[in-house]
Amino acid sequence: MNWLEWGFFGVLTILVIGGGLAVVLNRNLFHSALWLIVSLFGVAGLFVMLSAPFLAAVQVLVYIGAIVILIIFAIMLTRRMMGISEAPNSQWTLGLAAAALTFLVIAMTLVLASNGANPLIPREPLTQIGGESLRDLGVALVDLNQYVLPFLLASVLLEAAMVGAIVLARGEE
Amino acid sequence: MIDQAALNLGAALPATLLAFGAAILFVLDISIPQERKARTAWLAAVGVVVSLVISLLQINQQETAFFGAFRADSFTSVANIAALITALVGVIGAKDYLERAKIQRGEYYPLLLMTAAGAMFMAAANDLVIVLIALELLSIPLYVMVGFRRPEPRSEEGAMKYFLLGAFSSGFMVYGIALVYGAAGSTNFTEIFERVRFGELLSPALMLIGIGLIFVSLGFKVAAVPFHLWTPDVYQGAPTPVTAYMSVAAKVGGFAALLRLLTVAIPTFVVGDLVIEPNQTLIVHAAWQDLVAVIAALTMLLGNFVAIVQKDLKRMLAYSSIAHAGYILMAVAAAGSFTVVANDFGDTTVTLTIAQEALQGALIYLLAYAFTNVGAFAVVMCVEREDGSGTEINNIAGLGQINPLLGGAMTVFMLSLVGIPLTGGFVGKWFVFLSSVNAGLTLLALIGVLTSVVSAFYYLRIIVKMWFETGDFAPFAPRMLLLAIGFCVGGTVIVGVLPPVVTNLVQYVTAAALR
């Protein structure tokens, strides 16, 4: 890695770890959910650096686009939760122990794997699941022979959903 | 270079025109001032009529569009006609009602067009992915329309219930699609059919579970027992024009997709090997038939018996619509029988004549039901008070003397819902019962006939109330609403007196896979 890559790596690491810490330490549940986006974005960036752009795209689409949005919706639906600025957690020691244990297991697996001790993980890098499949994904959405009709229908559906949400949410005129 | 022949946009015109017309109408509506929202209604009605005319012109077309993902055949056209008739009444009947209830918002009309387009895409879908997205296109605007009367609590409650349960049922569909894909390796109906025919399924059990999950989701949409629990609350809470529209449009979409999936992808799906002697003719029942038949029987029984004790017109019609879903499910079950003929050497040929009859029966039923049920709800709109109350059965007392035209129309609708000869309901039930008997489901047909007799009790009670009791109220009867009711009466009577009108419409409908 040259100094530029080191720089990027450093920034992404700060995003991932800093974001993760902010999620845990924040006292406002809603802010925690927002910080989660930052952390997950960092992970997507790490995937890009590992030349796995497909995983990065999926990371953004699925984790940020769907899961975090779902969490935010859940928080917004239970309105009382939004105002809470104290998030009491009496079992934080238990959580800490579980997190530390998980981290240890993953780290051990990786370290052993790089020494060739774990037969489940191949030592050579897998064939790159990179650019090609990502391009396939994009092409499939606009290729007339593949998913163009669902894609068009989805756009109409999104418009209907957006207008519907506005109709339901706006006040009396 | 785009292959225009395979894209075949013209064949898919009715549905695409409506969907993108609705998208444009959203924009046009912004420039229409609040006191002139009737213009949006007119524009929407024009769009529906144009689409209806194109569907009628395409009645005997047998084509595919969008490279095989979209089937533009006569099944699609007939389902389109049923959806569009409903949409037309939903638009022109709602105009004055929304004005009076002070919920005249221009978004109502394009949202309604989008749900109609969703139902039409469901009917045309030849791929599970499109079924899913079209189902959402049908559902999401409906959730909003149910809540159109907000902040009225019952309307909000209905919308919330419908949304939460609907989202849950969509989850079933996604899971089911994943399992079917796992079993067959494709989401395309034609390809699934090939895999089933040549016994190339990875796991028949996986397939059966997947189909079951998809059936749960579509059963929810059409209000089949035991997925019907939302129906009475949502139908009662929604503004009445929305109830009128959704009671038919959601069924058209749900049943069209169900029939398409079952008769195109897996009409010949049997678990285990078929034993057949030379020179023998067998009627074989597909693996999913028993399940559908049981659900159909439960739906007819529960819908009709619970409707008897209802005191509110909208709730009664809600249970009645559950019962009618049962009758259509009877035709769906009948589509699961097919004939296998073996020649002297034991070579077999499969014919889907029974499934074809069942398809035609279901479509005739849907057409007759569309006119009748929307009409009945339109009369309820007239009886209802400004604030949405006054829909109890006692409120309709004396309607025959106060306004004989409305009373007469409601009488026609009630007789048609019972299935009295010379009404559309009779013709629909005739073909559905016939296909059920031909498919070897005599017991199911018997349950259908008996529950129809039971249903006469609560439908005729309305007629007695209207003509032989006295009441004192001024029905809400603007010209457009009366026109819509007249249109429905006309449709119900014409289908009843001249069945060839509908039998000619559906004569080109075939069990598509073996074409």
Side-chain angles (χ1 to χ4, degrees), chain A residues 33 54-55 57-59 61-82 129 133-173, chain B residues 2-4 6-7 12 15-16 18-20 22-23 26-27 29 34 65-70 102-103 105-108 110-111 113-115 117-118 121 124-148 150-151 156 159-160 163-164 187:
Chain A
F54 179 75
L55 281 182
V58 170
Q59 170 85 9
L61 282 177
V62 174
Y63 279 87
I64 299 173
I67 293 181
V68 175
I69 297 299
L70 201 68
I71 293 176
I72 290 178
F73 266 128
I75 296 173
M76 283 162 71
L77 275 176
T78 50
R79 275 184 204 160
R80 266 181 303 158
M81 302 279 273
M82 270 180 73
I129 45 165
S133 51
L134 191 62
R135 182 175 303 144
D136 289 346
L137 187 71
V139 167
L141 286 180
V142 288
D143 186 0
L144 288 165
N145 205 1
Q146 297 184 53
Y147 293 98
V148 72
L149 184 58
F151 189 59
L152 285 178
L153 274 181
S155 66
V156 177
L157 170 66
L158 286 178
E159 183 185 1
M162 203 162 63
V163 173
I166 293 170
V167 168
L168 284 183
R170 81 165 170 219
E172 296 300 315
E173 57 268 12
Chain B
I2 298 168
D3 182 358
Q4 293 290 351
L7 183 61
T16 40
L18 210 61
F20 293 101
F26 273 131
V27 182
D29 177 60
Q34 179 59 35
F66 289 105
F67 295 82
F70 184 105
K102 300 189 182 63
I103 47 173
R105 300 192 192 101
E107 291 86 0
Y108 175 88
L111 283 176
L113 294 193
M114 287 206 166
T115 61
F121 274 110
N126 196 34
D127 195 298
L128 284 170
V129 176
I130 296 174
V131 171
L132 175 71
I133 298 183
L135 176 78
E136 291 302 312
L137 187 59
L138 168 69
S139 311
I140 288 180
L142 270 184
Y143 304 145
V144 177
M145 286 159 70
V146 170
F148 232 68
R150 87 196 157 79
E156 280 191 345
M160 200 65 188
F163 170 64
L164 289 178
T187 54

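A note on names: the letters A, B, ... follow the listed sequences, proteins ahead of strands, and every chain is numbered from 1.
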Atom pair CD1/CG of Ile140(B) and Leu157(A) - distance to nearest 0.5 Å
4.5 Å
Exactly one of Glu156(B), Glu107(B), Arg150(B) clears side-chain contact (heavy atoms from CB on, under 4.5 Å) with Leu168(A), and that residue is Arg150(B)
Could you report the tightest heavy-atom contact between Ala154(A) and Ile133(B), atom names first, then the distance?
N-CG2, 3.9 Å
Which answer fits Tyr108(B), side chain, backbone, both or neither, if we ask what part of it has an atom under 4.5 Å from a heavy atom of chain A?
neither
Do the side chains of Val167(A) and Phe148(B) get nearer than 4.5 Å, heavy atoms only?
yes
Over 12 foreign heavy atoms within 6.0 Å of OH, Tyr143(B)
yes
Would you say CZ of Phe20(B) has more than 12 non-hydrogen atoms from neighbouring residues, nucleotides or ligands within 6.0 angstrom?
yes
Kindly indicate whether the side chain of Leu149(A), heavy atoms from C-beta on, has any atom under 4.5 Å from the side chain of Phe121(B).
yes
Test Pro150(A) against every option in Val131(B), Val129(B), Leu132(B) by the side-chain contact (heavy atoms from CB on, under 4.5 Å) rule and name the one that passes.
Val129(B)
Let me know if Val156(A) has heavy atoms under 4.5 Å from chain B in its side chain, its backbone, both or neither.
both
One should read off an interatomic distance between Tyr147(A) OH and Asp127(B) CG, to the nearest 0.5 angstrom, of 6.5 Å
